[in-house]
Every structure is written in C-alpha cells, then in structure tokens.
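When a residue number appears, it is its place in the shown sequence, counting from 1. Read the numbers this way: they start at 1 and go in the same order the structure lists the ligands and their atoms. Values in this document were obtained by computation on a predicted structure and should not be read as measured data.
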Amino acid sequence: MKHEQITEAGKSIRGAVHTDRRHDSAEKHVTGRAEYCDDISEPEGTLHAYLGVSTVAHGLIKSTDFSAVLSAPGVVDVLTAKDVPGCNDISPTGLKDEPVFPTEKTEFHGQPLFAVVAETREAARRAAELAKIDYEVLPHALDPISAIEAGHPHVTAPLKLERGDASTALASAENRLKGRISIGGQDHMYLEGHIAFAIPGEDDDVIVHCSTQHPSEAQHMVAHVLGVPSNAVTVNVRRMGGGFGGKESQMNLFCAVAAIAAKKWNRPVKIRPDRDQDMTATGKRHDFVVDYDVAFDGEGRIQGVEGSFAARCGYSSDLSGPVTDRALFHADNAYFYPHVRLVSRPMKTNTVSNTAFRGFGGPQGVVAAERMIEEIAYALGKDPLEIRKANFYGDATDGRNLTPYHQEVEDNILPRLIGELEVSSDYQARRKAILEHNAHSSIIKRGIALTPVKFGISFTATWYNQAGALIHIYNDGSIHLNHGGTEMGQGLNTKVAQVVADTLQVDFERIKITRTTTEKVPNTSATAASSGSDLNGMAALNAAEQLKERLTAFAAEKWNVAPEDVRFANNRVEIGEQSLSFDELAREAYMARVHLSAAGFYKTPKIHWDRAAGKGRPFYYFAYGASCSEVSVDTLTGEYRIERTDILHDVGRSLNPILDKGQVEGAFVQGMGWLTTEELWWDDAGRLRTHAPSTYKIPLASDRPRVFNVNLAEWSENKERTIKRSKAVGEPPFMLGISVFEALSMAVASVADYRECPRLDAPATPERVLMAVERLKTDG
Ligand code: MTE
Ligand code: HPA
Ligand code: MOS
C-alpha cells in the first residue's frame, strides 16, 4: 500500500492525497470514543421530547384530548401547531406542504401530530401514548398506482425528457416490448437514528446540536418556525452515525421541535425517537412503478423508448421533485436511446413523505433501464451482456453520445471498464459453466450477470453546487480546518484534510478537523449528491492556496528571494538558502502581522439546466463502474446466496483509495440489500408493519458475497478539473448491486430454458423468487 508520497525534497508528509489513510475517527468509532449527538453531556434541567403520532392513514382531526398526557408523571408540556411561534412549515423546497404539526387533518399513519415534553425521555415516550384523538376517517391510497386510480394529485410538477420521435420509432419498430416493473423503497437503517438537542441562549438565540446532512437548512428551518432571523440560530454537527440521504431534510422536524420547546421553556431540550418511530415517522427511498415500451432491431439495438415513472412520494413533496427528476436522468443508465420520451409521475400517497436515499432516484431509473436490456436479451435468446454492449453510448463521431436530457457523454470509459471486468471475472467461461450446470441440476440453479453503472455527478439544483471552507493557522503552526460538508462515516473530513496537508505540505495530524457549524461557513449545501469532497475539497484547496500565497509573499520579501524560490515540503519551508520549519514560518509570519486565516470558496463550472425545456448540462461529469455477480438459488424454497462478486469501479484519481474501496463495498452491499431482502410492507390500514430490524431485513455480514473482489480503475483520471482529478464515490457504486438482481433473474429464467424474462419485481425476496420460479414452470 502506498502510505506515503515522496515530495520534491525527497522527503514525505503523512496523509498526502492519492494515498491510503484510515478514517480520521476510525479508532474512536471502534472504541466507542467518538462523540455523537446523544453523547454530549446534558446540562442540568434538560427536558426530553417525544412525538405523538396519528393512528389513521387519512382523516380529519375532530378533537384532541391531552388531559391524560399532561397529568402523566414527569410531563411538562404538550406541543401542537399552536406552539409554533413563526411559520408552521418545514418543507425543504418552499412548497409549504409540510407542517411541523398539522392542524386539520392527518395524511399518513404515523404522522407526528404533537410532541410531549417531559423530565425524562421515558416519561415523554410513555405519555405520548395517552392522547385521545378523534378522527373522521377519509379514504386513503398507499401506493402510486392506487393514487393514480383515486385521482390523487402530483406532489410537485412532473418532468418530461424527450429527444427525437419516440412514438414513430415505437410504431415502426421491428420488435417491440412493453412491460411494468415495481421497485420497492428502502429504509436508511443508519446506526444512529434522528436526534436533535437544542440549547436556548439569550434574546432569540438557540444552538441546536443534531445529526443532519444539511446544517444550513436546519438553521433556516429553525429560524423560520421560531420567527427569528437565521443569525439567531446555530446548528452544529460533529458527525452522524450514518445518513445515507435520510438526514438531508428529515432532521428539520426534530430540530424544530427541540428548538420550539427550548425557547418556550428556556431549558435545553433533546428529542430522539426510538427505532420504530424513526422508521415510521421519517421518509425513505421512493418506491416506483415503471411502465416501459421499447423498440429494438434483430441485433438488440434499441431504437426507441417510452417510459413512465410513477413514484410513491408520500403526503408531501419533500425532495420528491429532484428525486423523481434524477430517476429520469438515469433511465438511460449507460445506453443510447435514439428516440426517447420519459415522464415522471410524483404521486401523492397517504404514506410518510419519501426522501433522499443514496442514488436519489437514480438507482430506480437504472433498474428500469436494465430491465429493458434483460427483456430484449430474453426475447432474442441472447446474453444480456451482449445487448448491453450493443447499446452503450458511443462518442461524438458516431452520433450516439446524446442523453435524453441533451447532455453529451464525453468520456465514456465503460467499454474499457466492462472489457477488463469481463476478463478479470472470467465471465464468459463462468457463464458457460453455469449454463451447463443448470442443464443438469434440477433444484439448485445458478445465475450470473455483469452490469454497468453510469452516474451523473452534480446537484441538479445548479445553485447547490457551491461550497465554502475556513482555515486558520495558529502561531504555533497548528492548523484548524472547517468546511461546509458533514461527516457521516464516508470519510469526507479525512479527504478534505488530506487536500490541506498536501497543499501546505504538512503532516495530516497537524490539521485539527472540527465540527461542521453554521457559524463558520454560511449557506452551505447538503452533504449529498456524492459531492462532498468535490465541493468542499475544492473550497479547502482554495483557502489553503490563499494562505500558501500569503506565506510565500511574506517569506520572499523578508528573506529577499524570488517567490519561486520559496518551497513548501515535508513540514518545512525552503526559502532560498534558508530552511524553516512550518511552525517557525507561522510564528515569523504572525510577528510580521500576516493574516493567517482564509475563507475558501468553490462553485462547479460548466453546469446549467433548463428544467422546462428538459435540456442542459446538469452534470459536470459521470462516474462509472461495473460489477459481476454469481448467485445460486434453491428453487424449492426461493432462498439464494451470492457466490461471488467482482467489481471494477471508477473514482478517477482517488484521493484516498482505501476509503474509496470502503465506499464501494458498503454501497454495493446496501444496493444488494435494497434489491433482495429489504422489503417495506404496509397493511391495508396504511400502517407500516416492517418498522424494526425484526421484520425489516438488511444484509448481514453473512450475506456478503462469498468471494468479493473489489478494485478501483486505477488508470482512470477525471477529464474535468475536479479536486486532484478524483471522482465522487458516495452514491454511484450503490447501483453495482443490480448485478445480484439480474443474476437471480437468470437463475429463475433457467427453469423455463431462458425463453422468458422472469420480470422479477424488486426486492427479489426469497418469496418473490419462489413465486417467479413457480410461475415460469407453469408458463413453460
Ligand atoms: N457512507 C457512510 N459511511 N455513511 C453515509 O451515511 N452516505 C452516502 C455516501 N456514503 C453515507 C456514505 C450518501 S447518500 C452520499 S450522498 C455520500 O456518502 C455523501 O458524502 P460525500 O458527498 O462526501 O461522498
Ligand atoms: N442529490 C441529492 N440531494 C439533493 C439533490 C441531488 O441531486 N438535489 C437536492 N438535494
Ligand atoms: Mo445522498 S442520497 O445524496 O445524501
């Protein structure tokens, strides 16, 4: 492993970019010494809040009786909509469709209607059960199809992406296939659930410690519900125990409740739902029902595609607009559609309002694209990989490089990536062996699939693509680093500190990584869309370069050398013939009154997006990857296991290969869980029945592939000028899990001699696999 980088001076610093460096908190994570929000010592007098929730999926609130709650031991208060001093709204996009607490009606089973404030968390939690609420029950629709049938509105404006003439292409097609796939949602299952802890200050002030990916939004929301300016509110996040998108907007409610109660009682207030309430009261990944219609020639080349993407958005818009947009942006995955029309249907349903989750709608789009590929392959009796290759994006020379949103694909490295993985995974020989095995094995069937990923990097909300950083050099030479991103386990702080260490040529340990706080960097974006290191790494680079320039100018003048003769290397600064330690230079600069603090800023160039026209360049670049998975399925029970997975993933020139590999492995397993065992199930009353790890099955360590070969495409370099030519890694590898889904599909298809696409819905739970096997046996 390359732990060190040799510098010009022939010496090295610890923690340079492009070298392996463990997560800065790794030891603290595993020894339990990392401080999470719930570990912050509670001041004397801290109160605890707990949410009281609706027990019907849709109903008018006719009356509320909180007398039993209020007389329960330890209870201090019950907060309802009346207690919101400012605006009773926490919708992240300004559509004003999400109250802190509703006033007239409840729109999903489990919707927070009030909060109990008590001396202890247990007292608040028990008392919340004692409210008496009368409802006039109204009809409800839980899934996108019944919502369409019931005439429910969209929660936000749908998107249409169109290029060429899809209708004509379909009407005149050589071959045409229509189908539908249902794709399930997913619970985030972060280890640390939601939590907010508000400490009131003088005047309007309040400090909120919480676990959010978006401190600036939490700050603005708290200000908004309190009716005070944003400068009265400080939001702090040291780290999250996982976010995965679930903490991009969902923390707003908890921050609002804690802050309202803290200001009302002038006492610190903490709120932390238990796991069941976290799962029922906060949003998850959107389920989709996709209807597709695809035209193709005898070689499997796609001629035209029409797709309709209906999503279960829940009762409010939350982030459903950009999520359903991103589903369309990825409905091509890696393939060129000569004629295409795609529409989103963001349906209002009587369920919790769905939200961001790793991939942000993209994975659902990719699954739909891969289903069409599979359909074509089974229809033509070919290997799906052959159909994939026939449809990959080309380049400007063959006119096959335009996406449905009219952005050109400029650096398609998939043919090389896929080619290498095909060889390293021994795909062809193994597929042949599997076909032979299946021909002779009546019960255990095997399947293999090799699937690609292309993922667009940038927030599609263009203005989100900005970041700030703040660096101080103290006069002892120690460095304090702050940036707008948040740490959720992905290693963002490590990567950003590496950038600073590399720029100033000092050891990583010299840099103090501090909590994210709205006091230091204002108006930040959510740490999301995989953009954390791209944006904050660049902002920190900008700040570090300013400091380096100032120190260089100072040294050149003081020691009377040309600025080119001032060189930073290995914790020292060479100034002509002079050589000072970094500490000595910091001290000298301070004595000479050099400003040793700098604010850095970055905004992504080149991107623009016209949503109404469905045209633009929403993405700065694409990240690519591919995975090959082999499964075996017991056709008597539907149970399966993953025998082997090989991955080759593109992170450009990795800032930190070992962290990036960890991201790829984790994302693959999370994606695999989404498509296999993680099933959300609501009963007819609209009550989520899979609301605890006992009923909601995430992958265990024992579910991982028995052979798991994960590699980064070391030859890749970002063609765009990103931070040190790296690429974002957070979300793209999530979609590598699709190879497992498709391998299961092949194993199932074997029972009918691969003549029919099994059309597995996701997640392909053992029950679904078994049902598909039985169906195909009867069909065949
Ligand atoms: N990795 C860990 N360990 N924990 C997380 O919560 N979130 C994922 C990904 N990797 C997550 C993670 C999601 S949804 C995103 S968008 C990115 O990390 C955000 O961080 P980044 O932009 O710094 O990569
Ligand atoms: N990805 C993730 N989070 C977001 C986005 C996005 O594109 N837009 C707004 N929030
Ligand atoms: Mo990630 S879903 O963009 O937080």
Side-chain angles (χ1 to χ4, degrees), residues 23 25-26 29 92-93 156 186 188-192 211-214 216-217 237 239-251 283-286 317-330 354-364 455-465 467 483-496 516 524-537 604 607 609 611 618-620 623 651 655-656 659-671 674 722-723 726-735:
H23 192 291
S25 297
H29 290 155
T93 54
T156 183
Q186 188 177 23
H188 300 86
M189 258 312 160
Y190 20 57
L191 286 176
E192 176 210 35
S211 183
T212 180
Q213 293 171 239
H214 201 345
S216 284
E217 183 172 281
V237 181
R239 62 170 65 78
M240 282 163 272
F244 304 113
K247 294 172 179 170
E248 180 171 341
S249 63
Q250 301 295 297
M251 193 59 64
K284 338 186 164 300
R285 182 184 295 284
H286 292 65
S317 58
D318 183 72
L319 298 168
S320 294
V323 166
T324 48
D325 287 3
R326 195 173 268 274
L328 297 199
F329 285 124
H330 290 83
N354 280 332
T355 195
F357 195 142
R358 207 167 195 168
F360 205 73
Q364 293 91 322
F455 195 78
I457 302 299
S458 292
F459 286 99
T460 55
T462 303
W463 69 91
Y464 257 53
N465 298 285
H483 58 84
T486 54
E487 177 61 49
M488 56 194 102
Q490 83 277 42
L492 174 61
N493 284 341
T494 308
K495 289 183 179 178
V496 177
T516 311
T524 55
S525 297
T527 307
S530 309
S531 68
S533 50
D534 278 16
L535 298 175
N536 296 288
T604 311
I607 47 174
W609 172 237
R611 190 175 186 275
F619 305 121
Y620 188 30
V651 293
L655 286 173
N656 183 329
L659 285 187
D660 284 353
K661 266 193 175 178
Q663 283 290 294
V664 174
E665 289 168 1
F668 167 83
V669 170
Q670 200 172 34
W674 169 51
T722 51
I723 185 72
S726 65
K727 287 190 180 184
V729 68
E731 295 166 289
F734 181 87
M735 283 146 279

Are any of the side-chain heavy atoms of Arg358 and Gln670 separated by less than 4.5 Å?
yes
For atom 4 (O) of ligand 3, closest protein heavy-atom neighbour
Gln213 NE2, 2.8 Å
Taking Glu487 for its side chain and Gln490 for its backbone only, find out whether a donor-acceptor pair lies under 3.5 Å.
yes
At less than 4.0 angstrom from any non-hydrogen atom of Ala528, what atoms of ligand 2 do you find?
2 (C), 3 (N)
For Gly245, the atoms of ligand 1 under 4.0 Å from one of its heavy atoms are 14 (S)
Nearest protein heavy atom to atom 20 (O) of ligand 1, by residue and atom, and its distance?
Gln490 NE2, 3.0 Å
Nearest non-hydrogen protein atom to atom 6 (O) of ligand 1, with distance, is Gly243 N, 2.7 Å
Lys/Arg N to Asp/Glu carboxylate O, Asp660 vs Lys495, below 4.0 Å:
yes
Would you say the side chain of Val651 lies within less than 4.5 Å of the side chain of Gln663, judging by non-hydrogen atoms?
no
Considering only non-hydrogen protein atoms, determine which one is nearest to atom 5 (C) of ligand 1 and report residue, atom name and distance to 0.1 Å.
Phe244 CE2, 3.2 Å
Judging by distance only, is a nitrogen or oxygen of Ala529 under 3.5 angstrom from one on ligand 3?
yes
Taking atom 3 (N) of ligand 2 as the reference point, the nearest protein heavy atom with its distance
Glu248 OE1, 3.0 Å
Nearest non-hydrogen protein atom, atom 22 (O) of ligand 1
Gly532 N, 2.6 Å
For Thr527, the option from Thr516, Asn536, Thr486 that meets side-chain hydrogen bond (donor to acceptor under 3.5 Å, both in side chains)
Thr486
With no hydrogens and no angle check, is any side-chain donor or acceptor of Ser531 less than 3.5 Å from a backbone partner on Ser458?
no
Please say which of Trp609, Phe619, Tyr464 ends up in a side chain to side chain contact (heavy atoms under 4.5 Å, CB included) with Phe459.
Tyr464
Taking the side chain from Gln213 and the backbone from Gly245, do they hold a donor-acceptor pair closer than 3.5 Å?
yes
Subset of ligand 2 atoms that lie under 4.0 Å from at least one heavy atom of Thr460
7 (O)
Trp674-Phe734 aromatic ring centre distance below 6.0 Å:
yes
Would you call Arg326 and Glu731 a salt bridge, using N to O less than 4.0 angstrom?
no
For atom 13 (C) of ligand 1, which of Glu248, Arg358, Met240 has the closest heavy atom?
Arg358
Atom 17 (C) of ligand 1 [closest protein heavy-atom partner, distance rounded to 0.1 Å]
Gly730 CA, 4.0 Å
Side chain to side chain, Met251 and Met240, heavy atoms closer than 4.5 Å
no
Can you check whether Asn465 reaches Ile607 side chain to side chain, under 4.5 Å on heavy atoms?
yes
Counting from 1 in the order shown, the ligand 1 atoms closer than 4.0 Å to a non-hydrogen atom of Ala528 are 16 (S)
Can you tell me the protein heavy atom closest to atom 1 (Mo) of ligand 3 and the distance?
Glu731 OE2, 3.7 Å
Could you find the nearest protein heavy atom to atom 1 (N) of ligand 1 and give me its residue, atom name and distance?
Gln663 NE2, 3.1 Å
Any non-hydrogen side-chain atom of His188 less than 4.5 Å from a side-chain atom of Thr355?
yes
Looking only at heavy atoms of Ala529, does any of them come nearer than 4.0 Å to an atom of ligand 1?
yes
Any sub-3.5 Å donor-acceptor pair from Gln364's side-chain atoms to Ala327's backbone N or O?
no
Closest candidate by heavy atom, reference atom 19 (C) of ligand 1, pool Gln670, Met488, Gln213:
Met488
Atoms in ligand 2 flagged as close to Arg326, the criterion being non-hydrogen separation under 4.0 Å:
7 (O)
Ligand-side contact atoms (ligand 1) for residue partner Glu731, heavy atom cut-off under 4.0 Å
16 (S)
Is Glu731 close to ligand 2, meaning an N/O of one under 3.5 Å from an N/O of the other?
no
With atoms numbered from 1 as shown, which atoms in ligand 1 lie under 4.0 angstrom from a non-hydrogen atom of Gly242?
6 (O)
Quick look: Ala529 vs ligand 2, heavy-atom contacts under 4.0 Å, and the answer is both
Show me which atoms of ligand 1 lie under 4.0 Å from any heavy atom of Gly489.
2 (C), 3 (N)
Is there side-chain contact between Ile457 and Lys727, with at least one heavy-atom pair below 4.5 Å?
no
Is there any N or O on Thr527 that sits under 3.5 Å from an N or O of ligand 1?
no
I'd like to check which ligand 3 atoms, numbered from 1 as shown, lie under 4.0 Å from a non-hydrogen atom of Gly245.
2 (S), 4 (O)
Ala528 heavy atoms within 4.0 Å reach ligand 3 at atoms 3 (O), 4 (O)
I'd like to know if Ser531 contacts ligand 1, where contact means a heavy-atom distance under 4.0 Å to any ligand atom.
yes
shortest atom 8 (N) of ligand 2-to-protein heavy-atom contact is with Phe459 CD2, 3.7 Å
With distance as the sole test, does His330 use its side chain to make a donor-acceptor pair with the main-chain N or O of Gly456 at under 3.5 Å?
yes
Would Arg358 count as being in polar contact with ligand 3, using the rule that some N or O on each side must be under 3.5 angstrom apart?
no
Mark yes or no for whether Thr722, through its side chain, and Ser726, through its backbone, hold a donor-acceptor pair below 3.5 Å.
yes
Identify, by atom number and element, the atoms of ligand 3 in contact range of Phe357, meaning under 4.0 Å from any of its heavy atoms.
2 (S)
What I'd like to find out is whether the side chain of Asn354 reaches to under 4.5 Å of the side chain of Asp318, using heavy atoms alone.
no
Out of Gly241, Gly662, Ser530, Ser533, indicate the one that has the non-hydrogen atom closest to atom 16 (S) of ligand 1.
Ser530
